[in-house]
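Some notes on the structure that comes next.
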Number of protein chains: 2
Amino acid sequence: MHRALTAADFQSLADLRHQIRRFLHFSEQASRRAGLEPRQHQVMLAIKGLPANARPRIGEIAQRLQIQHHSAVELVNRLAGGGYVRRRRGGQDRREVLLALTPKGEKVLRELSLYHRAELQSAGPALVRALRDAMRGMASSRTQQTTFTKNRRTA
Amino acid sequence: MHRALTAADFQSLADLRHQIRRFLHFSEQASRRAGLEPRQHQVMLAIKGLPANARPRIGEIAQRLQIQHHSAVELVNRLAGGGYVRRRRGGQDRREVLLALTPKGEKVLRELSLYHRAELQSAGPALVRALRDAMRGMASSRTQQTTFTKNRRTA
DNA sequence: TAACTAACATCGTATCACGACATATATCAA
DNA sequence: TTGATATATGTCGTGATACGATGTTAGTTA
C-alpha cells in the first residue's frame, strides 16, 4: 500500500539507525579495548553461539555474518594468527574447515559477552522502542516520555 | 550479579547479531542497487531524519552515526561529488557547514526509505524477539506464548 | 591583541568487504 | 572409471570507510 513518507517516518528510520549505531559503536570500542578488531569479535561470537545443529564451518560463519565466504576466510586468518581460533579439517568432508575457539579466545569472548549483556540490559529498551516505531512506519510511541532519549556522545 | 554465561546466552547474543546483520545486509544491498555506498545512504537519512531542533552540521551527523567528524567529512565529500547533497556555510557561525539533500538525493532517499520500511515490517518482529532474548540474557523466545505473558502493547 | 576553543578539512594507514579467479574435494552420469 | 559439475575454501587486487595525527579558519575569552 505504500503510504507516502512523512517527516516523522524519516525521523523514526533515522532514530532506529542511530540506536543501532550506538549499540554497534559500544561493541566496536569494547572489542578494540579487548585487543580485537570488531569483526573478529563477531566471528568468535558466531562460532560460540552457533545453533546446536550447525557445524562451525567457514561458510556457515559467513552466512551468520552475512558476508562472502572469502571475507570470513580473511577474518579467520587473523584470528588464527592471534591465537584466538584454530582450524581443523572436516572428518566426513575433507573440504570443510571446522573452527573452534582456543582457551585464549574463550576467555576474551566470555568477558566481552558479559559486558555486552549488561549494555543490552540498559540500552535495549531504547532499541526496542526505536524498532517498533520504525516498524509501524510512524513515530507514535515517542509521544510518550521517551522523547528525551536524545543522547549525547559517550566518553 | 554477573551470572555466568550459558550456551544459550551465547546463542541469544549471536542470534541478535545475526538478525542485526540480516537487516544491515539488506540495507547495504539496497543502497548499492540504488547507486550509493551504504554509509552514504546513512548520511542522507541522518540529514533528513534529524530531530527538529538540530541543525544538519557535519558534527551533528557524525554524532548520529557515531563516527568521528572527519569520517563524516569524507562521506559528505563523496555525496556532494555525486550530487546528492550540498554544503552551505552557517549564517550565525561561519565555521559551520550546513547540509541539505539535493532533489536527486531526496528522490533516492525516499525510494530507499519506502523499501526499508517494508523490510522492517516483515523482518522487524524477528529482530525484536532476538533483542528481547539477548536483553534478558537467556534464549527463551522458543517459548513464545509464555514470553508474551508479560508484554506491553503488541503492534 | 594573544591565547584558547570549536568546527571543519587533509593525510596516511589499517580493516574489511567485494569481485574475479584458483585449488581441492565430493558427487553424479554414463 | 572417467569426465563433468558442484561445493568448500583460499588468493589477489581494489575500493570504501574509519581512525589518529595534524592543519586551517572562525569564534571566544583574558
Side-chain angles (χ1 to χ4, degrees), chain A residues 17 21 24-29 31-44 46-47 54-82 84-99 152-153, chain B residues 17 21 24-29 31-44 46-47 54-82 84-99:
Chain A
R17 299 310 276 249
R21 277 301 302 151
L24 294 181
H25 189 232
F26 160 86
S27 180
E28 290 157 10
Q29 287 185 312
S31 300
R32 292 205 173 95
R33 275 199 301 272
L36 284 168
E37 289 302 321
R39 290 315 223 189
Q40 299 178 21
H41 168 217
Q42 290 314 292
V43 171
M44 290 205 294
I47 292 171
R55 271 162 307 155
R57 299 177 303 105
I58 291 280
E60 186 72 38
I61 299 305
Q63 194 277 327
R64 293 284 287 180
L65 267 56
Q66 300 276 291
I67 57 180
Q68 301 299 312
H69 77 271
H70 50 259
S71 301
V73 168
E74 292 168 21
L75 290 167
V76 169
N77 285 345
R78 298 184 197 195
L79 281 167
Y84 296 98
V85 158
R86 65 184 159 72
R87 285 175 153 101
R88 73 184 158 83
R89 277 285 160 183
Q92 312 289 344
D93 187 335
R94 310 245 341 126
R95 292 171 302 182
E96 291 183 345
V97 167
L98 300 179
L99 304 170
R152 285 286 127 196
R153 191 171 335 164
Chain B
R17 299 309 277 249
R21 278 299 305 152
L24 294 180
H25 189 231
F26 159 86
S27 180
E28 290 157 11
Q29 287 186 312
S31 300
R32 292 205 173 97
R33 275 198 301 271
L36 284 168
E37 289 301 321
R39 290 313 226 192
Q40 299 179 21
H41 168 218
Q42 289 314 293
V43 171
M44 292 206 293
I47 292 171
R55 271 162 307 154
R57 300 178 303 104
I58 293 280
E60 187 71 38
I61 299 305
Q63 194 277 326
R64 293 284 287 180
L65 267 56
Q66 300 276 291
I67 57 179
Q68 301 298 312
H69 77 271
H70 51 258
S71 301
V73 168
E74 293 167 21
L75 290 166
V76 169
N77 285 345
R78 300 185 196 197
L79 281 166
Y84 296 98
V85 158
R86 66 185 158 71
R87 286 174 152 101
R88 73 185 158 84
R89 279 284 159 185
Q92 311 289 344
D93 187 337
R94 311 248 337 129
R95 290 172 303 183
E96 291 183 346
V97 168
L98 300 179
L99 305 170

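Just so you know, these numbers use all the heavy atoms, side chains as well, and skip hydrogens, waters and symmetry mates. Here the structure is a predicted model, which is why all the values come from computation and not from measurement.
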Answer yes or no: is there an ion pair linking A:Glu28 with A:Arg21, defined by an N-O contact shorter than 4.0 Å? yes

When you get a sec, tell me which of C:dA6, D:dT11, D:dC19 is the closest nucleotide to the side chain of B:His70? D:dC19

Strictly below 4.0 Å: does B:Ser71 bring a side-chain N or O up to OP1 or OP2 of D:dC19? yes

Could you say whether B:His69 or A:Gly59 is positioned toward the 5' end of DNA chain D, judged by the nucleotide with the nearest heavy atom to each? A:Gly59

Of A:Ala72 and A:Arg95, whose nearest nucleotide on DNA chain C comes first from the 5' end? A:Ala72

d(CZ, A:Arg39; P, D:dT17) in whole Å: 14 Å

Rounded off to whole Å, could you give me the CD1-to-C1' distance for the B:Ile61 and D:dT17 pair? 17 Å

Counting neighbours of CZ on A:Arg33 that are heavy atoms of other residues, nucleotides or ligands and sit closer than 6.0 Å, is the number greater than 12? yes

Classify the nucleic acid contact of B:Arg32 as base, sugar-phosphate or nothing, counting any heavy atom under 4.0 Å across all strands shown. nothing

Are A:Ser27 and B:Arg17 close enough that some pair of their side-chain heavy atoms sits under 4.5 Å apart? yes

Nearest whole angstrom, please: distance from the P of D:dT17 to the CG of B:Asn77. 12 Å

CD of B:Gln68 versus C1' of C:dA6: gap in Å, rounded? 15 Å

B:Arg89 side chain, from C-beta outward: closest of D:dG27, C:dC8, D:dC19: C:dC8

Less than 4.0 angstrom between a side-chain N/O of A:Gln42 and OP1 or OP2 of C:dC16, yes or no? no

Would you say B:Gln40 places a side-chain N or O within less than 4.0 Å of OP1 or OP2 belonging to D:dT17? yes

Between A:Arg55 and A:Leu98 (side chain of the first, backbone of the second, donor and acceptor by atom type, cut-off under 3.5 Å), is there such a pair? no

Whole-Å gap separating C1' (C:dC8) and CZ (B:Arg87): 9 Å

For a quick test of reading the model: is some side-chain N or O of B:Arg88 closer than 4.0 Å to OP1 or OP2 of C:dC8? no

In whole angstrom, give the distance that lies between atom CG of A:Leu65 and atom P of C:dC18. 10 Å

Describe the nucleic acid contact of A:Gln92 in one word from base, sugar-phosphate, nothing, applying a heavy-atom distance below 4.0 Å. sugar-phosphate

Among D:dG10, D:dA8, C:dC18, which nucleotide has an atom closest to any side-chain atom of A:Ile67? C:dC18

Strictly below 4.0 Å: does A:Arg78 bring a side-chain N or O up to OP1 or OP2 of C:dC16? yes

Selected nucleotide, minimal atom distance to B:Glu37 side chain, candidates C:dA26, D:dT17, C:dT15: D:dT17

With distance as the sole criterion, do the side chain of B:Glu74 and the base of D:dC19 form a donor-acceptor contact below 3.5 Å? yes

Is any side-chain N or O of A:Arg21 closer than 4.0 Å to OP1 or OP2 of D:dA18? no

Please report, rounded to the nearest Å, how far the P atom of D:dT9 is from the CD atom of A:Gln63. 13 Å

For C:dA24, take OP1 and OP2 only and decide whether either is under 4.0 Å from a side-chain N or O of A:Arg94. no

Under 4.5 Å between any side-chain heavy atoms of A:Leu99 and A:Glu60, yes or no? no

Just by distance, do the side chain of A:Gln66 and the backbone of A:Gln63 share a donor-acceptor pair under 3.5 Å? yes

If I take atom CZ in residue A:Arg57 and atom P in nucleotide D:dG10, what distance separates them, rounded to the nearest angstrom? 12 Å

